[in-house]
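Notes to accompany the following structure.
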Amino acid sequence: MPAPPAEPTWVLDRRRQVGCRIRALREERRLSQEALAELAGISRHTMYRTETGARAASLDVVIRLAAALDVPLGQLFREL
C-alpha cells in the first residue's frame with residue numbers, strides 16, 4: 001500500500017504555530033510538560049509531539065489541553 005502524501009508546508013507551519021501557542025500558555029502558567037500532560041489526561045510524549053508539531057494532535061487532545069490551560073479552545077488558534 002502506498003504511503004499517504006506528505007502534508008503541505010503551510011499545514012506543518014500552522015501545526016507548529018499551534019504548538020508554540022500551547023507552549024507559551026503552558027510557560028505563562030509555569031507548568032512543565034509533564035504537569036500539563038497530567039492535567040489534560042494525556043501522556044508527556046503526546047504533549048511533546050503536540051508542542052513541537054511532530055504529529056497532528058487529535059481534536060480531543062486539543063480540547064483537553066485548552067481545558068487544562070483554562071482557555072477557550074479558539075485561543076489556541078489565535079495569531080495564526
Worksheet item: Who are the salt bridge (charged side-chain N to carboxylate O under 4.0 Å, His left out) partners of Arg26, not counting sequence neighbours?
Response: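 Arg26 satisfies salt bridge (charged side-chain N to carboxylate O under 4.0 Å, His left out) with Glu51 once adjacent residues are dropped.
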Worksheet item: Residues in salt bridge (charged side-chain N to carboxylate O under 4.0 Å, His left out) with Arg55, at least two apart?
Response: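 With sequence neighbours excluded, Arg55 shows a salt bridge (charged side-chain N to carboxylate O under 4.0 Å, His left out) to no residue whatsoever.
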Discussion item. Any heavy-atom pair between the side chains of Arg23 and Cys20 that's under 4.5 Å?
Written reply: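 Yes; the side chains approach each other to less than 4.5 Å.
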Worksheet item: With a 4.5 Å heavy-atom cut-off, do Met47 and Leu65 have their side chains touching?
Response: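 Yes, their side chains come closer than 4.5 Å.
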Are [Y] and [X] co-members of a hydrophobic cluster defined by side-chain heavy atoms under 4.5 Å apart?
{"X": "Val61", "Y": "Phe77", "answer": "yes"}
{"X": "Val62", "Y": "Val11", "answer": "no"}
{"X": "Leu25", "Y": "Leu59", "answer": "yes"}
{"X": "Tyr48", "Y": "Leu69", "answer": "no"}

Discussion item. Ala56: which residues meet the side chain to side chain contact (heavy atoms under 4.5 Å, CB included) condition with it, sequence neighbours left out?
Written reply: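 Result, side chain to side chain contact (heavy atoms under 4.5 Å, CB included) vs Ala56: Arg15.
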Worksheet entry | Results of side chain to side chain contact (heavy atoms under 4.5 Å, CB included) for Ala24 - residues two or more places apart only |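 Side chain to side chain contact (heavy atoms under 4.5 Å, CB included) check on Ala24 returns nothing, list empty.
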Worksheet item: So Val18 and Arg14, side-chain contact (heavy atoms from CB on, under 4.5 Å) or not? Walk me through it.
Response: CA-CA 6 Å; Val18 170; Arg14 294 283 171 93; 5.7 Å; no
Which pairs would a plain distance check flag for residues 37-45, meaning a side-chain donor or acceptor within less than 3.5 Å of a matching protein atom at least two apart in sequence or in another chain?
{"unit_1": "Ser43", "atom_1": "OG", "unit_2": "Thr46", "atom_2": "N", "d": "3.0"}
{"unit_1": "Ser43", "atom_1": "OG", "unit_2": "Thr46", "atom_2": "OG1", "d": "2.9"}
{"unit_1": "Arg44", "atom_1": "NH1", "unit_2": "Gln33", "atom_2": "OE1", "d": "3.1"}

Practice prompt. Give, for atom CG of Leu36 and atom CD1 of Ile22, the distance between the pair rounded to the nearest 0.5 Å.
Written response: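 It comes to 8.0 Å.
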Practice prompt. Take atom CD of Glu27 as the centre, draw a 6.0 Å sphere, and report whether it contains more than 12 heavy atoms from other residues, nucleotides or ligands.
Written response: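 Yes, because the 6.0 Å sphere around CD of Glu27 holds more than 12 heavy atoms from other groups.
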Worksheet entry | All side-chain hydrogen bond (donor to acceptor under 3.5 Å, both in side chains) counterparts of Arg29, not counting sequence neighbours |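 Partners of Arg29 by the side-chain hydrogen bond (donor to acceptor under 3.5 Å, both in side chains) criterion come out as none, since no residue qualifies.
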